[in-house]
Asks: 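Let me give you the structure first, and then I'll get to my questions.
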Number of protein chains: 4
Amino acid sequence: MQNTVKIASPYDLSVIKELNLMDRNELEKAIQTAQHLFENQSLWIPAYKRMEILEKAASLMSDRVEELIHLALSEGGKPYQDSKAEVLRAIKGVKLAAEHISQIKGEQIPMALMESAQNRLAFTTKEPIGIVAAISAFNHPLNLAVHQIATAFAAGCPVIFKPALTTPMSGIALAEIFKDAGAPEGWIQVVLCERDLAEALVTDSRIHFFSFIGSAKVGWYLHSKLSPGTRSALEHGGAAPVIVEQDADFGEMIPDLVKGGFYHAGQVCVSVQRVYVHEGIIENFIKKFVTEANQLTVGDPADAATDVGPLILPKEVDRVAEWVNEAIVEGAQLLTGGKRISETLYQPTVLLNPSEKSKVSTNEIFGPVVCIYTYTDRDEAINRANALDVHFQAAVFTKNIDIAMDTVKKLNATAVMVNDHTAFRVDWMPFGGRDTSGIGMGGISYTINEMMREKMTVIKSKYL
Amino acid sequence: MQNTVKIASPYDLSVIKELNLMDRNELEKAIQTAQHLFENQSLWIPAYKRMEILEKAASLMSDRVEELIHLALSEGGKPYQDSKAEVLRAIKGVKLAAEHISQIKGEQIPMALMESAQNRLAFTTKEPIGIVAAISAFNHPLNLAVHQIATAFAAGCPVIFKPALTTPMSGIALAEIFKDAGAPEGWIQVVLCERDLAEALVTDSRIHFFSFIGSAKVGWYLHSKLSPGTRSALEHGGAAPVIVEQDADFGEMIPDLVKGGFYHAGQVCVSVQRVYVHEGIIENFIKKFVTEANQLTVGDPADAATDVGPLILPKEVDRVAEWVNEAIVEGAQLLTGGKRISETLYQPTVLLNPSEKSKVSTNEIFGPVVCIYTYTDRDEAINRANALDVHFQAAVFTKNIDIAMDTVKKLNATAVMVNDHTAFRVDWMPFGGRDTSGIGMGGISYTINEMMREKMTVIKSKYL
Amino acid sequence: MQNTVKIASPYDLSVIKELNLMDRNELEKAIQTAQHLFENQSLWIPAYKRMEILEKAASLMSDRVEELIHLALSEGGKPYQDSKAEVLRAIKGVKLAAEHISQIKGEQIPMALMESAQNRLAFTTKEPIGIVAAISAFNHPLNLAVHQIATAFAAGCPVIFKPALTTPMSGIALAEIFKDAGAPEGWIQVVLCERDLAEALVTDSRIHFFSFIGSAKVGWYLHSKLSPGTRSALEHGGAAPVIVEQDADFGEMIPDLVKGGFYHAGQVCVSVQRVYVHEGIIENFIKKFVTEANQLTVGDPADAATDVGPLILPKEVDRVAEWVNEAIVEGAQLLTGGKRISETLYQPTVLLNPSEKSKVSTNEIFGPVVCIYTYTDRDEAINRANALDVHFQAAVFTKNIDIAMDTVKKLNATAVMVNDHTAFRVDWMPFGGRDTSGIGMGGISYTINEMMREKMTVIKSKYL
Amino acid sequence: MQNTVKIASPYDLSVIKELNLMDRNELEKAIQTAQHLFENQSLWIPAYKRMEILEKAASLMSDRVEELIHLALSEGGKPYQDSKAEVLRAIKGVKLAAEHISQIKGEQIPMALMESAQNRLAFTTKEPIGIVAAISAFNHPLNLAVHQIATAFAAGCPVIFKPALTTPMSGIALAEIFKDAGAPEGWIQVVLCERDLAEALVTDSRIHFFSFIGSAKVGWYLHSKLSPGTRSALEHGGAAPVIVEQDADFGEMIPDLVKGGFYHAGQVCVSVQRVYVHEGIIENFIKKFVTEANQLTVGDPADAATDVGPLILPKEVDRVAEWVNEAIVEGAQLLTGGKRISETLYQPTVLLNPSEKSKVSTNEIFGPVVCIYTYTDRDEAINRANALDVHFQAAVFTKNIDIAMDTVKKLNATAVMVNDHTAFRVDWMPFGGRDTSGIGMGGISYTINEMMREKMTVIKSKYL
């Protein structure tokens, strides 16, 4: 009897679909299919063909925008407007992958820099790295699939894609779109399986590249289990810090930070989590921030007016509620929110000055909770912002150039936004965590580069 | 009582020096020193100062060439001429590191590629990645130290360098030269320790980057034990294949291949090991190759006329002899060599058509043994060359452009030499194994890049 | 009374269309329109919008392929199959321009390389260079327009485009397509005018960039008349040389060279003109080349079977015929062709060993004439190939790597094809003449780069 | 009888040296020497050798710092401290040229982006562009020579260098140092000649690259006279504008601007000339600026305490004095200075609100005069700053990020300094005027790139 997985709406927990899970034999067959394609250079898809297919896929996606939005929001619970933004970004991502193909190129390596190296011409070219095994997350079911599938396809790598079992339908739809766009059989395989089989997949010695988007705990565990020779890219979360200086412009800052904190109910790896506000403006900041947060509409993601939808699973609300309560016990002041609305809905919540030891201060919340901390000395605030071992995106609000430069320099982060929230991302920018927040660099072109390897040719000739 | 290690001459096994081994407390102190430097941006050495120190170090090395040659050959056993080449390359490597500092730079990330991303200016800058722990190999005691120490210093990373316990003196000398050149205390620390402490070092959660040059077995083991967040570069070995086509020019090929096979008694990770020769020219090839191999002078590395010196330890000769004997039993024909000359000297040895299952065909020999195989069909030869899971450098000899292009394309290797041996390397070219042969990319500038990480700044302004 | 220009079919000289010529007032207005757009940054079109318009334009062109083919061949006389190739390349060119927009970016300039330069952050960004005045040639009426219009539009520059008066309709159609694709008024202006007004346009002090495709004589003359401050790119012709070595593979060489010599009746700036053939194979070469040339179908460009169509004007046939006759008088042997078929059709003609002083040896023929010369020593052949002061694309046919490397190194050319004809071009590669053959570098992305200028920002702060 | 030129001290007009001028025959010989070297590839100096010679030259310069300082200040009149800075920069420049050689490299051009372009491998390499003719300026006699000689030598181009006849000795010394460093005969030739011969040199058809540093009038004239095919780089002057916003930090601004305005008596092409100060702070600004200007020590350049030395020639003081007087007549208020001290010394002079029509507002002053203008609206100030047709470096002083970004974006300049004066330059940054301020891009590596040209190799093979 085949195992199945039921896909449920995070909003009302109704079952949308039931899908078969793969067994070990099917997984083995998937790996063999990928291996066969990769090991026969004659089967590789030429660059112009990969471009055509990617362009066609983007075009097909554009034709099916509404369908993709509803698919994504029904399984993932992200509100309509944000799901729409995700689908448009996903289309752009596929286009970016197509475009990047013309940037795949090697370079000359100069040879006469020492006398003994003369009479040679050397240059590099790029080849696909091999078979990609990708494990994805639930929070952007379509766009993350693009970041793992379209990139591998652009690089010329066969990809075996395992979506989150909560939100597999968008990835499956993407794979079908690629097929409709002309992608030959086997280059993009979607596998639905439990964690043990996923581990078997990614640790298989035939896998050349492991792409993971999800929790640090699982990611680093799998990373330590990889076969010798397998390369990897891990994208985990953070607990994104923001420094708000005394001279910050309140104008757009408050809506930006509220958006950055409660977008997709905070289920984003660069969600605004820890906001350090100078004590000189704390009263004003709190008042405006809470007012803005209270105006958020929480509810059905299918409703175009909804700002904040459900968390992905009821147990995530259990966890978030527990952390918030614990933080309050440990000294935090609840400024707003703090209540469960339904199985999966939780109020946008703002905490003031939780203990630096509380879970909300040390762990990624991945829920609709923003913590505000007061500070007096900027360096001290930066030190607190840097204190965790996760470092991803960060932000500073100030009008002053010197303060901005100083803070950017000192914040330990891959990206520091000046006068913008931490969750800012475009799909062509480098994106990836430092230290335990991940390894490798995301972003369409960056990922394609990681999925390729250079080959150097050195021609020796007395005539050179 | 402090543990010590005795450094012996590989040639005559006489003890050259006895050095103290570090204990766990000292190691902890070393890590704390590095951590202190890295965590205080005000202690970082500005770019111009790093350049000055590197240039000064190169200049001091130039003043001490003969001393460094003798140090390296006395502990490592590489013949004088080759040790001299190593020292000159090491000096060039330090200069390359100095030069590369002016190439450390970020780039603009365009922002208006989607309407929603307008009004922003974004660019990246580069920062040192953090504390580097480096484990080195014995076969190029000075130049490998340069590749791990000068690069880290150029990148602005504190480095803790553990040399091979057989050849630690060159690395120690290099660290002293840096000190003389003005490197501030603590940035370059050399630690001598046994493997358990080395493991404790590299798996410490405070280490940001692990650089390893040595055996695949140890490298991948340590790699799997790294703390979450630690990046790594591994450089292991291979069993470098060469394809010799029927139209190959015998002129320089034979001396090139003999050099590539017996240089440093084959103790090089890209040493010529498996030579596939077209049957149409096999007789001629064998005759000339053996004649050339027989003319090699084996003996005291300090003698300027010596071509082939000792292996690093007697047990390595035991191993090589055993593999050769086993290969003969399994069907190989011994064309020349095959005898032990002393505790650590072994004759340059050539085997014809060993079994594809024999250890000499499947494992890195790391000794003065070259295997020759006949073939009739080029694709079949390439398949045999590609069959192992180690892929590093390879070569093809042919006069024909089409054949060269075809073979380069099909050989699974990071570098394919056309009409040159596989052991060709200059220190500014990308150098690193594929698959189980390693991870990351060596070469001075490439390593510096890996030891840095990008930070993106995104400035949002309505005026942009 | 307004002046007009009659557009005639080069094949049968029938008038296709009559178009108004612009007068001086209209030209002044065109320049003012461009100036107004450029001087008001608020009117600049954001990058995402330029991408959209270019993508849309490519899509509209794809919808109108047959129409564009017929337009181009009716005014330009290039045979159907080749005109079709041109239109497909033109579409790809517009897509390449769209794609390149995401590659427009500056870079960081490191600042701490000297002590006195510390405490600064510097980076560059790119801006459109200003108003582009483009003068185009007749031989690729659509694709050259793409190279001058789509590039300027991608760069964000207002462009004033003057097509050849023989073939203006394709450029006009392209401008209309851009309008339909959403390009705002004024950014792309097509002007039809005689040479005096064209000179007034390009030498106007408000023009920032002058792009010229056409004859060297006119190009360099205009170049010397430019206003101080105007940048320029000139693309002229050559007299492309080919070296055919004794070991060349006859297989594809003969059809490739015949194609490269007689494509568009030789009216291409990189047309195969001077073929130096080793005397050891001259008999065989001549026989096969002439046989292949004789099989070309000369006639109506609208006929899909036609290989060679008319020259652009009857006077060009006069000139070519005169040069051929003169060459014969001066010692050349006529191997085939040499006769006029109609006002504008001329037989594919092959000359053997014309004098090095004959016009066919020293000037760009721009007609269906290929000269073959014998040689015995490669260096001597290369010297003859290099002897003119025009240097554009060149070729060598050989199977031998060393000979290929040697010849590539010694030929004075921007591009050397190994085993391909000189007229090979793709629109993303660098393309442009050396010395008097032109200035600047063509190719979609290269031209966009030339149409932009960098601005460096240096921020000084004690915190940096 | 040979013509000679007398080199006089700008400070006391005493004759330092008398040097022979070259005649037409000697010039012809110089060109032939360069041509011989360039046309024989076998004579080209390999990259490693060029690096060695440049490194050695830098080292020899370091040994002779004081001598070079005194040579430069004796002929050029730049004060000791600034001449010292020039010599140190010149040494760095030679090192940068050496370093850049390892960055000279081509790149792969991808080939399979259209179906018809498959089966090809393409890459570019770089070659020296040819013979460089360089005309230099007097104001940095050593460092400008480095920018024209060391770059050409690094690029592998023979260079014929014509220094300013007022300050030829530093360039001659540099050429001698290169000779001592091992530069082979003929690669670096210094020619002393009058303008007619200089024109004959640069317009000679054998010259491939014309490098000019000097007045726009002469530069653009020569540019229009160049032979077809000659490339060029012109570096002229500007009338550098500065915007001082109301919130600017007075701390370092005043000394920075005074330095930028009076450094080398204003004889610098990016000298601070037009300072637009917000009316809200004008009183304070003027007071502090004048106070600081009045503290400058004017006098003998050999004196280490001197801030401002002589102008290069008495007639330049005539001109500056005339312009200042004229400006006063036309409405400017003289805040300080305005008097001639000696034949060649002129007081540091500050004018308030000269007419926008006055020569000091519209022409490059190239003397110790700074003009201050008040403004109320930033956009209006920027428009005034942009109004001339010379655009080189500019500056803005503000603490505010938005204002800085806005001003940088709107100022028409190649470089905009934020909180620094306009005369900031390091020799590795891009440096060059826009529009009539010049063509091409200076900076050691940028110039080397302009002195090289790319060659593309395209290998066609069915195996690719």
Side-chain angles (χ1 to χ4, degrees), chain A residues 41 85 88-89 92 96 109-111 113-114 116-117 120 122 124-125 130 205 208 216 219-220 223-229 231 252 256 389 404 408-411 413-420 424 426-431 434-437 439 441 453-462, chain B residues 41 85 88-89 92 96 109-111 113-114 116-117 120 122 124-125 130 205 208 216-217 219-220 223-229 231 252 256 389 404 408-411 413-420 424 426-430 434-437 439 441 453-462:
Chain A
Q41 285 191 3
L88 296 180
R89 278 180 56 188
K92 179 74 175 177
L96 287 166
I109 307 295
M111 271 293 127
L113 305 184
M114 285 183 90
S116 57
R120 286 173 177 88
T124 64
T125 52
S205 68
H208 295 86
W220 288 107
H223 185 255
S224 77
K225 295 292 179 192
L226 294 177
S227 284
R231 277 73 173 139
E252 296 182 10
D256 275 354
D389 65 351
V408 167
K409 187 178 164 189
K410 290 174 179 164
L411 277 172
T414 31
V416 184
M417 313 303 155
V418 178
N419 297 328
D420 201 358
F424 173 75
V426 290
D427 299 280
W428 59 88
M429 81 188 204
F431 183 78
R434 285 183 172 190
D435 300 319
T436 57
S437 287
I439 206 166
M441 190 57 78
R453 50 189 185 188
E454 271 196 324
K455 176 181 277 180
M456 179 172 60
T457 304
V458 185
I459 298 172
K460 186 181 175 193
S461 168
K462 63 185 166 188
Chain B
Q41 284 190 5
L88 297 180
R89 278 179 56 189
K92 178 74 175 177
L96 287 166
I109 307 295
M111 272 293 125
L113 305 184
M114 284 183 89
S116 56
R120 285 172 176 89
T124 64
T125 51
S205 68
H208 296 84
K217 202 179 142 194
W220 288 107
H223 185 255
S224 77
K225 295 293 178 192
L226 295 176
S227 284
R231 277 75 172 136
E252 295 183 10
D256 276 355
D389 65 351
V408 167
K409 186 177 165 191
K410 290 175 178 163
L411 278 172
T414 31
V416 183
M417 314 303 156
V418 178
N419 297 328
D420 202 358
F424 174 75
V426 290
D427 299 279
W428 58 88
M429 80 187 204
R434 289 184 167 187
D435 300 319
T436 56
S437 287
I439 207 166
M441 191 57 80
R453 49 190 185 186
E454 271 195 323
K455 177 181 275 182
M456 180 171 61
T457 304
V458 184
I459 298 173
K460 188 181 175 191
S461 168
K462 64 185 166 187

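The analysis underlying the following values was restricted to heavy atoms, covering all of them including side chains, and did not include hydrogens, waters or symmetry mates. So that the names make sense, note that chain A is the first sequence line, chain B the second, and so on, each numbered from 1.
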Asks: Hey, what do you get for CG (B:Leu226) to CH2 (A:Trp220), rounding to the nearest 0.5 Å?
Replies: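 The CH2 atom of A:Trp220 is 8.5 Å from CG of B:Leu226, to the nearest 0.5 Å.
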
Asks: Please list, chain by chain and in numerical order, all residues satisfying side chain to side chain donor-acceptor pair (under 3.5 Å) with A:Ser461, sequence neighbours excluded.
Replies: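 Listed in chain order: C:Asp402.
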
Asks: Below 4.5 Å from any heavy atom of chain A, which atoms of B:Asp256 appear? Answer side chain, backbone, both or neither.
Replies: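 Only the side chain of B:Asp256 comes within 4.5 Å of chain A.
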
Asks: Please state whether the side chain, the backbone, both or neither of A:Ser437 comes within less than 4.5 Å of a heavy atom of chain B.
Replies: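 Answer is neither: A:Ser437 stays 4.5 Å or more from chain B.
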
Asks: Using non-hydrogen atoms and a 4.5 Å limit, figure out which bit of A:Lys225 sits close to chain B: side chain, backbone, both or neither.
Replies: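 No part of it gets close to chain B.
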
Asks: Measure distances from A:Lys455 to the heavy atoms of chain B and classify the residue's part below 4.5 Å as side chain, backbone, both or neither.
Replies: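 Both backbone and side chain of A:Lys455 come within 4.5 Å of chain B.
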
Asks: Between A:Met114, A:Glu252, A:His223, A:Lys410, who has the most heavy-atom pairs with chain B when the cutoff is under 4.5 Å?
Replies: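 Ranked by heavy-atom pairs under 4.5 Å with chain B, first place is A:Met114.
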
Asks: Heavy-atom pairs under 4.5 Å with chain B - which of A:Pro228, A:Ser224, A:Ala415 has more of them than the others?
Replies: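 Result: the option with the highest number of such pairs is A:Pro228.
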
Asks: Find out whether A:Asp435 and B:Arg453 are in side-chain contact, i.e. whether some heavy atom of one side chain is under 4.5 Å from a heavy atom of the other.
Replies: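 A:Asp435 vs B:Arg453: side chains touch.
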
Asks: Ignoring hydrogens and angles, tell me if any N or O in the side chain of B:Trp428 forms a donor-acceptor pair with the backbone of A:Pro110 under 3.5 Å.
Replies: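 At least one qualifying donor-acceptor pair exists.
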
Asks: Side chain, backbone, both or neither: which part of B:Val426 has a heavy atom under 4.5 Å from chain A?
Replies: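 Only the side chain of B:Val426 comes within 4.5 Å of chain A.
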
Asks: Between A:Asp427, A:Thr436, A:Asp420, A:Asp389, which has the largest tally of heavy atom pairs under 4.5 Å with chain B?
Replies: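 Among A:Asp427, A:Thr436, A:Asp420, A:Asp389, the one with the most close pairs to chain B is A:Asp420.
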
Asks: Heavy-atom distances under 4.5 Å only: say whether A:Ile459 touches chain B with side chain, backbone, both or neither.
Replies: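 Contact with chain B involves both backbone and side-chain atoms of A:Ile459.
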
Asks: Under a 4.5 Å cutoff for heavy-atom pairs, which residue among A:Gly130, A:Ala413, A:Ser227 has the most contacts with chain B?
Replies: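 Looking at each of A:Gly130, A:Ala413, A:Ser227 in turn, A:Ala413 comes out on top.
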
Asks: Can you find a pair of side-chain heavy atoms, one from B:Met429 and one from A:Met456, that are under 4.5 Å apart?
Replies: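 A side-chain contact under 4.5 Å exists here.
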
Asks: Decide yes or no on side-chain contact (heavy atoms from CB on, under 4.5 Å) for A:Thr457 and B:Val418, but give the supporting numbers first.
Replies: CA-CA 7 Å; A:Thr457 304; B:Val418 178; 4.1 Å; yes

Asks: Please test B:Phe424 against A:Arg120 for side-chain contact (heavy atoms from CB on, under 4.5 Å), starting from the C-alpha separation and ending with a verdict.
Replies: CA-CA 11 Å; B:Phe424 174 75; A:Arg120 286 173 177 88; 3.2 Å; yes

Asks: Mind listing the closest non-hydrogen atom pair of B:Glu454 and A:Arg434 along with its distance?
Replies: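 The answer is O-NH2, 3.6 Å.
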
Asks: Side chain, backbone, both or neither: which part of B:Leu113 has an atom under 4.5 Å from a heavy atom of chain A?
Replies: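 Backbone plus side chain of B:Leu113, per the 4.5 Å heavy-atom cut-off to chain A.
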
Asks: If you tally heavy-atom pairs under 4.5 Å against chain B, which of A:Lys409, A:Arg89, A:Lys462 wins?
Replies: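 That would be A:Lys409.
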
Asks: Heavy-atom pairs under 4.5 Å with chain B: which of A:Lys92, A:Met441, A:His208 has the most?
Replies: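 Top option by heavy-atom pairs under 4.5 Å: A:Lys92.
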
Asks: Check whether B:Ser205 gets within reach of chain A through its side chain, its backbone, both or neither, counting any heavy atom under 4.5 Å.
Replies: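 When you check distances to chain A, no heavy atom of B:Ser205 falls under 4.5 Å.
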
